[in-house]
Amino acid sequence: MSVLLEVNGLAKSFGGVQAVRDVSFSLGRSEMLAIIGPNGAGKSTCFNMVGGQIRPDRGTIVLDGQDIAGKAPRDIWRRGVGRTFQISATFMSMTVCENVQMALMSHHWRTRALLPLASRLYAEEAAAILDRIGLADRRSHMCGVLAYGDLKRVELAVAIAHRPKLLLMDEPTAGMSPSEREALMQLTADIVRQEEMAVLFTEHDMDVVFAHSARIVVMNRGAVVTVGTPAEVRENAEVKHIYLGGTLEAAH
Amino acid sequence: MDLSFFVNQALTGLASASSLFLVASGLTLIFGVSRIVNFAHGSMFMLGAYAAATVYGPIVSALGPAIGPWLAMLAAAVAVGLIGVVVEVLLLRRLYHAPHMLQILATFGIVLIVQDAVVLIWGYDQIVGPRIPGLRGAVTIFGQRFPQYELFMLFIGPVVFAGLWLLLHRTRWGTLVRAATRDREMADILGVDQAKLFTTVFFLGAALAGLAGGLQWPREPANIYLDTRVILEAFVVTVIGGLGSIGGALLASIIIGLLQAFGILLFPKSTLVLVFAVMAVVLMVRPWGLLGRPEPQAVSDLAETKTAPPAHRYAAHAFAVALAILLVLPLFAPDYVVKLATQAIIFALVAFSLNFIVATGGILSFGHAAFFGLGAYAAAIAVKSHGASTGLALLAAPVLAGLVALGVGWFIVRRTGIYLAMLTLAFAQILWSVAFQWVEFTGGDNGIVGVYMPGWASQTGAYYYLTLAFCGIAVALIWRIMFAPFGYTLRAGRDSALRCDAIGIDVRRHQVLAFALAGSAAGVAGGFFTFLKGGVDPSLLSMDISADALIMSLLGGVQTVVGPLVGGAAFTFLKAYIMPVTDQWRLVLGIVIIVLVLAFPRGIVGFINARSGWFGGAKSEAPVASTGEKLA
């Protein structure tokens, strides 16, 4: 499996706090890789550095041979990286379909067009994507009135609209019921297989992580503890200590 | 410049800085806890001066010249503080969760009401202040005589600053104020009684403005222009210092006081330009002012715009009827009405273009008059100074306004929320003062007169059709653009800048273009206004025009597409028919604004639409709640 994303020596501090220090991992094409770790481990910081929302202090993030570290989110998106947010960021005054159409208009460099009717542009493409995500019956709903689980799906639809090579998902199933979780992750896995898309995700729900990731990066206190398959991570003593020890300490 | 002169000038500047600090500290306190940009704060200053003028005589004759004057000043401050409480309890308390635009307009309504109230109570004539017993003389500093009262003023600022510091850092109340300033939601959760806190803060803030007004009275006669001048200076000071920061207000007061004292020597005609230029530079380098804290991400300020074009058949009918009336109006209406209708069309375009950037683009502009006025001046100057044809003049208007808007837009979109609104206001005020002070080029106060259309187009009816055609085209274009990808992209940027950035959209770049487009459309309106009125004067660039344009949007319905058009026309006719029957137009307008803000925030079209759904779109009432964009 060839390498799509290579993260090397990534570091970031906020004020005096080293949120992330010397993090390295790689991600193959069509691979689903999870980053896990207790609160404050630096998962989200790492994640947002790959997405461009946070600028790293040091390190490289090589996507398909090009270093994208420190580039603006919109440049990173143009290089084929789509993402979802933990707290969904959608256009609340638009319909579900229009949200997807926005991503397509941007992809085709049409956002400055002054005369065509936006609601007709890429409507079929958007509808096809929504069909696939299972939101066909919600396409004309305003995002502002959608249920939480549906908003998460809209996020996903928008994130895959330009057929990215890499999909970043920040806590994709947070706040969902177990059945919704399973459905969303199964859907994601299907899309990944068909589109040959790689996925990097952070997640708190361990069932989701162990069921759906090919490999797992475990972080603690800003550094990588171990990288391995779910089976390897399950058996790792240090990981056990972090999670179980952490729980015991918290109980005291 | 010798040393003694230099020192004297510096002391004068510092005395003014003291007075400025008193006003600005109140403004910044109020902003800190309530997040309301209080335009009425200048009115409190003015009321302070008039209140002092009223109580001074009786109190001094009762208590004697030793303590009388000071008690009179204090009484004025307390009286104004109580007025502030009334304003807070009756009006602003209801608006803490409303969009900035409604808050600003509501406080602007107070400004208008106070202006007319002052005229009704004290008349138009200024009231000259007394020379305070004991401080009538002058001291000699480096051989130059310096008035004792100025020296006294010089100390008042630091004394008040020290008092405020103690109050904020050594009392429980002060701790609550600081907590609420830092994080209003957190203070709320921790059980701070907000209503009581806000009321007391408004009392203190207004009382400080009132005290400043009272103390100013011996230096400057009480007059009806004090409010506007002071509020602009106070805004500049609070913005430079950082909204919500008392220390910042002190620092910025000193900077502005000295700048005015020395600037007047360097550029006698352009101190205002200098002051606003300094503010612009400071905001470029320090986006939240010298000592301000970053505001939390400004989330979409306005509720959703209705996106569907008029879909219902009634709407289409209403539209056809309106167009038919517009087309045949000159055939039966008297000349006066046709002229008024021409003006209504022009202002409909101004309001429509403003609402395009405010509601669709999420850019709250308080300086749209800049581009309207620029268009008007461009046309007038082209004809008068360069002998341009009227066609060329009407073309020059949108071109110049658009180009300047492009430059201004590039600058302002780097800021968000209320800082952005203050910058737009600053730019408009710079242009206004240029128009005032650059007499050779703009005609100064008198403006430029005698600019009329030649030949057939000078007829009232013909000019009406000409205006209708060109302003109509501009409206139609913007309307179309709202539903084109560009308009959608603007809304996307307004809804979630975070998401836009994550789908490759450069929000600012689109906002700059939208700003230029709207500026250019306002320029079209300005050009036509010049030939309608036969000339221009600086009032076209004034804050009043900017406010009028916002009020028109509000009146018609901010969240609707046709609202600003209806509002622009309705406002123009209302004003024309109400003004002749009352001297208190401002009072009427102020009350109208407050009623609109409190009772009909959706405006005429929004109101009809909510009842009937005629104008399409979802009938959803709920504004888009703050989505609380965060990166987790």
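Residues B:P485 and A:P116 are in side-chain contact: their nearest non-hydrogen atoms beyond the backbone lie under 4.5 Å apart.
Contacts of B:L513 with chain A are made by side-chain atoms alone, with heavy-atom separations under 4.5 Å and no backbone atom involved. Contact annotation for A:Q101: neither backbone nor side-chain heavy atoms come within less than 4.5 Å of a heavy atom of chain B.
Counting heavy-atom pairs closer than 4.5 Å to chain B, the top residue among A:A159, A:A118, A:S119 is A:A118. Counting heavy-atom pairs closer than 4.5 Å to chain B, the top residue among A:T111, A:T95, A:L114, A:V81 is A:T111. Between chain B and the residues A:R110, A:E171, A:M102, A:M105, the most heavy-atom pairs under 4.5 angstrom are made by A:M102.
With 3.5 Å as the limit, one finds a donor-acceptor pair spanning the side chains of A:Q66 and A:R79. With hydrogens and angles left out, the side-chain atoms of A:N39 and A:H204 include a donor and acceptor closer than 3.5 Å.
A:R112 forms no cation-pi arrangement with A:W109, by the criterion of a distance under 6.0 Å to the ring centre and an angle within 45° of the ring axis. Judged by the 6.0 Å distance and 45° axis criteria, B:R602 is not positioned over the aromatic ring of B:F600.
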